[in-house]
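Below you'll find the structure, written out as structure tokens, and then a few comments.
Below, all heavy atoms of this structure are taken into account, side chains as well, without hydrogens, waters or symmetry copies. Chain A is the first sequence line, chain B the second, and so forth, proteins listed ahead of strands; every chain is numbered from 1. These figures come from a predicted structure and were not determined experimentally.
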2 protein chains.
Amino acid sequence: MMELTRKGEYAIRGIIYLARQAPGKMALISEIAEATEVPQTFLAKIFQNFAKLGLVNSYRGTGGGFMLGRPASRITLREVVEAVEGPIIPNRCLMGGSACDFDRQCNVHPVWRRVQSEVVHILESVTIEELARETK
Amino acid sequence: MMELTRKGEYAIRGIIYLARQAPGKMALISEIAEATEVPQTFLAKIFQNFAKLGLVNSYRGTGGGFMLGRPASRITLREVVEAVEGPIIPNRCLMGGSACDFDRQCNVHPVWRRVQSEVVHILESVTIEELARETK
DNA sequence: ACCTTTAGGACCCGTTTTGTCCTTTATATC
DNA sequence: GATATAAAGGACAAAACGGGTCCTAAAGGT
């Protein structure tokens with residue numbers, strides 16, 4: 001249960017790689033893919049997504065590539081995960097709309113809410129900068 | 001991310017129904033399925049699983065059916081969820097074996113470990129007895 | 001014997017995951 | 001302006017997974 005998909009894994013690896021680049025240095029998707037051992041075309045989709053959300057900036061043409069959209073210290077793990085996996089929702093019931101009409105009477109509800117807020121809180125408190133730091 | 005599957009949802013509904021029965025009273029799978037609005041054959045598989053794990057006891061033949069394997073106060077939500085969904089593992093890396101060889105160098109690892117232990121802790125602390133209590 | 005009820009295996013189908021491939025668009029350089 | 005480079009975007013596809021169904025077997029009661 002609760003497994004991160006490969007896409008999520010790749011996304012994290014990719015953005016950490018970017019965060020480790022010298023400031024101002026551009027990285028090609030081909031380079032990132034090779035370094036992180038992720039299929040290039042698949043990683044490209046992930047980064048297109050990142051770009052749309054402003055997590056990274058992309059530049060086309062010669063000398064182009066990807067850079068972080070803001071300092072790694074201001075990108076949280078939560079943002080990265082949710083960018084590719086969608087919101088952290090342990091149970092459909094917690095989604096809005098008509099997904100669940102038992103909201104009131106169901107005792108399980110508050111449990112999932114707790115799980116959700118705990119996990120979000122943990123992922124929110126971790127920045128890509130921390131993750132990118134070299135371990136010695 | 002992290003969504004409980006329908007199977008997990010059904011499992012919880014089913015066992016809560018059992019927990020609400022009068023002590024010693026047997027419930028038929030057909031009855032549980034109808035009451036909880038779960039496809040009967042599907043629910044049957046789930047309860048077969050429960051039975052193997054001792055969460056419920058099953059009895060065949062006329063007058064047979066299902067009962068809780070132990071008091072609802074000693075069955076945790078974690079057990080029920082893991083019975084049908086498998087262990088709570090936010091990232092394949094956390095599985096044993098050769099799933100991940102980055103264990104040492106990877107900063108993300110400890111984060112997933114925290115997520116895992118937090119979620120397990122929450123689900124562990126909730127019993128089926130609590131969930132079965134009528135809300136007023 | 002016969003009926004009831006769970007156990008277990010085989011199968012099925014739609015969706016999601018995990019990609020690939022090809023074309024288009026933007027940009028820099030010659 | 002032509003050309004090379006790189007990302008953007010869409011179409012497609014195999015494999016895994018989720019969510020079931022169906023049929024037969026086994027166990028137990030009458």
Students often get this wrong, so: under 4.0 angstrom with heavy atoms, is B:Phe50 touching a base, only sugar-phosphate, or nothing?
nothing
A:Tyr10 has a side chain; which of C:dG19, C:dT5, D:dC22 sits nearest to it?
C:dG19
Among D:dG20, C:dT6, D:dG28, the nucleotide that comes nearest once only the side chain of B:Phe42 is considered:
D:dG20
Salt-bridge criterion met for A:Glu129 and A:Arg70 (N-O under 4.0 Å)
no
Any carboxylate oxygen within less than 4.0 angstrom of a Lys/Arg side-chain nitrogen, looking at B:Lys25 and B:Glu31?
yes
Measure from the side chain of B:Lys45, starting at C-beta and using heavy atoms only, and say which of D:dA8, C:dT18, D:dC22 lies closest.
D:dC22
Nucleotide nearest B:Arg60 when distance is taken to its side chain, options D:dA8, D:dG28, D:dA7:
D:dG28
Could you state the interatomic distance from CG (A:Leu77) to OG1 (A:Thr127), rounded to the nearest 0.5 Å?
9.5 Å
Tell me what A:Phe47 touches on the nucleic acid: a base, only sugar-phosphate, or nothing, going by heavy atoms under 4.0 Å.
nothing
Which part of the nucleic acid does B:Thr41 contact within heavy-atom distance under 4.0 Å: base, sugar-phosphate only, or nothing?
base
Side chains of A:Asn91 and B:Glu3 only: does a donor on one sit below 3.5 Å from an acceptor on the other?
no
Among C:dC21, C:dC3, D:dG19, the one nearest any side-chain atom of B:Thr5 is D:dG19
With sugar-phosphate meaning primed atoms plus P, OP1 and OP2, does A:Lys7 contact a base, only sugar-phosphate, or nothing at under 4.0 Å between heavy atoms?
sugar-phosphate
Whole Å only: how far is the CD1 atom of B:Ile46 from the P atom of D:dT21?
11 Å
